[in-house]
There are 2 protein chains.
Amino acid sequence: MTIDKGPVVAHGPAMIGLKLDDRDLKILSILSREGRLSKADLAKRVNLSPTPLWERLKRLEKAGVIRGYSADISLKGVAPHIEVFVTLELENHRAESFQAFEQSMGRHDEIVACWAIGGGFDYVLQIITRDIDSYQRLIDTLLDGKVGLARYYTYVVTKPVKLRGAPPLEFLLDGARPDGPADGSGD
Amino acid sequence: MTIDKGPVVAHGPAMIGLKLDDRDLKILSILSREGRLSKADLAKRVNLSPTPLWERLKRLEKAGVIRGYSADISLKGVAPHIEVFVTLELENHRAESFQAFEQSMGRHDEIVACWAIGGGFDYVLQIITRDIDSYQRLIDTLLDGKVGLARYYTYVVTKPVKLRGAPPLEFLLDGARPDGPADGSGD
DNA sequence: CTTGAAACAAAAGAGAA
DNA sequence: TTCTCTTTTGTTTCAAG
């Protein structure tokens, strides 16, 4: 059975040179932490009336800067689970191997994220699964498949130290600041 | 169609003892992908009228199962940036070293996430920064501080293969399935 | 769980600065 | 243009059954 879980990666529309002013920044910054804030309240927080805010939002969403919204689910107190990071290397570096591997990523819900990387390994995987046992079964599945794994290292998360940051918008968009004071509030 | 898996009893450090039925699961699953869906629409999608849905949602939010909502920001085409994973080990493993290190995580917006891990390293860091140069400056800051880094490995992301998805709720909450059919409905 | 009503938010338009 | 103001439609929340 192949479940189409869809998109392995949803690239935003290839867009270029969208200009974001300070208010856009603030909007993004607020929404990245309070994704369900009403547009009216958001407008107040950035000193705008609803309509202009609404237009900015639409622009940001259309441009793919805001890719979507999501609820932050905590498994704590809901189900036993472990979180694991894996760095791994493929046996061979032919394009078809990469492709086969990357497609297999989409077929496992337990693999919640995957990045291709440089620096001694080919991929980093973030996995959430029930326990070590089902983690090992997942790895075995990957090993058994046509995907050739040369080696992999397992890092079990013992404690989340810092969770869920938004990208450092102010820092990235405002060249100079060493470590942005994320908030220009006081409007 | 609704698959009846029977209620699952939540457990964890806080021992909440929250019972999640199939509909709660579906609600979580939908909201984790469409975090700004209106409650009215969500109600329709799970065959409920607004009020009971509203009560379930409130219960889930109060219990901390839904921790919050956030907008997914994509910087593609908006700002130059690189994403980096770092595995690192501290020089010494005294409690105060860990504590100092973990506090320093909170002081840098570029460090978007950090996990304590077992397996040869102490931490995994996920970093988003402007370029290699500012990445290196960040590392230097950590090296200069009282936080003693014994060694660290840098993995620059070359391609996001699978973007952070929801935790595999159905899989975690429903014992046996190897790879859950994420959806129990044809609504 | 349903109805239904009052309070509130979203979306779109007319027009002023 | 970009914002404010206004209207219509739809959503949220809660009381009562």
Side-chain angles (χ1 to χ4, degrees), chain A residues 12-13 15-73 169 173-174 184-187, chain B residues 1-10 17-73 78 184-187:
Chain A
M15 58 138 191
I16 18 108
L18 187 72
K19 270 177 272 167
L20 302 186
D21 66 13
D22 250 28
R23 252 198 277 247
D24 291 312
L25 262 196
K26 189 133 188 243
I27 289 168
L28 292 173
S29 170
I30 290 173
L31 278 183
S32 71
R33 273 164 293 133
E34 297 164 69
R36 236 181 137 133
L37 197 64
S38 84
K39 291 175 177 65
D41 284 350
L42 185 52
K44 277 174 214 151
R45 297 260 293 263
V46 296
N47 286 324
L48 235 44
S49 39
T51 305
L53 177 101
W54 186 80
E55 275 157 7
R56 275 163 190 264
L57 255 190
K58 241 173 105 178
R59 191 170 118 260
L60 292 169
E61 283 166 358
K62 255 190 207 151
V65 179
I66 297 174
R67 214 171 355 195
Y69 300 86
S70 54
D72 195 9
I73 309 294
L169 293 165
L173 291 167
D174 180 65
S185 86
D187 317 290
Chain B
M1 171 181 64
T2 308
I3 303 163
D4 184 15
K5 297 159 190 162
V8 174
V9 179
L18 190 72
K19 275 180 231 151
L20 301 187
D21 66 11
D22 222 45
R23 251 199 276 247
D24 291 312
L25 262 196
K26 188 134 188 244
I27 289 167
L28 293 174
S29 170
I30 291 173
L31 278 183
S32 70
R33 273 165 294 131
E34 297 165 69
R36 238 185 134 131
L37 197 64
S38 84
K39 291 175 179 68
D41 285 350
L42 183 52
K44 279 173 213 151
R45 297 260 293 263
V46 296
N47 290 319
L48 234 42
S49 41
T51 305
L53 176 100
W54 184 82
E55 276 157 8
R56 276 163 190 266
L57 255 189
K58 244 181 122 174
R59 209 168 90 258
L60 292 169
E61 284 166 357
K62 257 189 204 152
V65 179
I66 297 175
R67 217 175 343 193
Y69 301 87
S70 55
D72 272 339
I73 310 295
V78 174
S185 94
D187 304 327

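No experiment lies behind these values; they were computed from the predicted model shown. Just so it is clear: chains get the letters A, B, ... in the order the sequence lines come, proteins before strands, and each one is counted from 1.
Atom CG in B/L37 sits 10.5 Å away from atom OH in B/Y69 (nearest 0.5 Å). Taken to the nearest 0.5 Å, the CZ atom of A/R56 stands 4.5 Å off from the CG atom of A/D21. Distance check, rounded to the nearest 0.5 Å: CG of A/L57 to CG of A/L42 gives 6.0 Å. How far CD1 of A/I66 is from CG of A/L60: 5.0 Å, rounded to the nearest 0.5 Å. One finds the CG atom of A/L31 at 6.0 Å from the CZ atom of B/R36 (value rounded to the nearest 0.5 Å).
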Using a cut-off of 4.0 Å between protein heavy atoms and nucleotide atoms, how would you tag nucleotides 10-17 of chain D 5' to 3' with B, S and -?
-SSSB---
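Between B/N47 and B/R23, the closest heavy-atom pair is O-NH1, 3.1 Å.
Within 6.0 Å of CG on A/D22 lie no more than 12 heavy atoms contributed by other residues, nucleotides or ligands.
On the nucleic acid side, DNA chain C contacts chain B at distances under 4.0 Å to non-hydrogen atoms, with the end points of that region at C/dC1 to C/dA10.
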